[in-house]
Amino acid sequence: METGTSSLSDQLTTALRKRIVTGEFAPGDRLPTFQEIESVFTVSRGVAQMAIQRLKADGFISSSSRQGMFVVRHPPHLRRYGIVFPVLH
């Protein structure tokens, strides 16, 4: 992970979210284990846990202590939209 102005957990959150949004981790897919995340991204367990907690809070993933972590069936980027109204002068 890069060092810079954002924390490692923010960088990891962004990297994992990007993989979800681009479809690398599709809805319903199982995410890597904490150990795999630590190894791939060279971060500590605490950093990985903070990133996963953020993705849970943002509605991208869910977890079960026995089954693992999964991308939710309807992640925010696939169900939220905006409405644009024209401005008349």
Side-chain angles (χ1 to χ4, degrees):
M1 307 274 344
E2 294 179 22
T3 57
T5 58
S6 62
S7 70
L8 283 177
S9 65
D10 289 342
Q11 291 176 34
L12 179 57
T13 301
T14 300
L16 292 172
R17 184 183 297 118
K18 182 178 179 180
R19 289 181 180 201
I20 293 169
V21 170
T22 62
E24 187 175 335
F25 298 136
D29 281 357
R30 185 179 199 164
L31 292 176
T33 64
F34 279 113
Q35 187 174 4
E36 291 166 334
I37 291 171
E38 292 166 33
S39 176
V40 169
F41 293 97
T42 58
V43 295
S44 69
R45 175 66 56 109
V47 168
Q49 288 174 331
M50 287 191 301
I52 292 299
Q53 287 296 61
R54 177 69 185 269
L55 290 170
K56 282 183 189 178
D58 290 348
F60 283 93
I61 64 171
S62 64
S63 65
S64 167
S65 59
R66 293 182 176 234
Q67 295 177 338
M69 299 175 289
F70 296 86
V71 177
V72 297
R73 295 279 178 204
H74 302 286
H77 71 285
L78 295 179
R79 63 183 164 94
R80 293 187 181 159
Y81 56 90
I83 299 174
V84 178
F85 294 100
V87 176
L88 302 175
H89 295 282

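Side-chain atoms are counted along with the backbone in the values below, which use heavy atoms only and exclude waters and symmetry mates.
Residues Ala51 and Ser9 come closest through the heavy atom pair CB-O, 3.9 Å.
Looking at Val71, Val72, Thr13 one by one, the single match for side-chain contact (heavy atoms from CB on, under 4.5 Å) with Leu55 turns out to be Thr13.
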Practice problem: Carefully, step by step, assess Ile20 and Asp29 under the rule side-chain contact (heavy atoms from CB on, under 4.5 Å). | Solution: CA-CA 9 Å; Ile20 293 169; Asp29 281 357; over 6 Å; no
Exercise. Dump the intermediate steps for side chain to side chain donor-acceptor pair (under 3.5 Å) on Lys56 and Ser63, then the final yes or no.
Key: CA-CA 8 Å; Lys56 282 183 189 178; Ser63 65; 2.7 Å; yes
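Listed for the Arg30 side chain is a donor-acceptor partner under 3.5 Å among the backbone atoms of Gln67. Put simply, the side chain of Ser39 never gets that close to the backbone of Gln35: no donor and acceptor are under 3.5 Å apart.
The CE atom of Met69 sits 15.5 Å away from the CZ atom of Phe60 when rounded to the nearest 0.5 Å. Atom CD of Gln53 and atom CD1 of Ile61 lie 8.0 Å apart (nearest 0.5 Å). The distance from the CD atom of Glu38 to the OG1 atom of Thr33 is 8.0 Å, given to the nearest 0.5 Å. We find the CD-CD1 distance between Gln49 and Ile37 to be 10.0 Å, quoted to the nearest 0.5 Å. Taken to the nearest 0.5 Å, the NZ atom of Lys18 stands 7.5 Å off from the OG1 atom of Thr22. Within the model, atoms CZ of Arg19 and OG1 of Thr14 stand 12.5 Å from one another, a figure rounded to the nearest 0.5 Å.
In this structure, Phe41 and Val47 have side chains that are not in contact, with every pair of non-hydrogen atoms separated by 4.5 Å or more. With contacts defined as side-chain heavy-atom distances shorter than 4.5 Å, the pair Ser64/Phe70 does not qualify.
Taken together through direct or relayed side-chain contacts under 4.5 Å among Ile, Leu, Val, Met, Phe, Trp and Tyr, Leu8 and Phe34 form part of one hydrophobic cluster.
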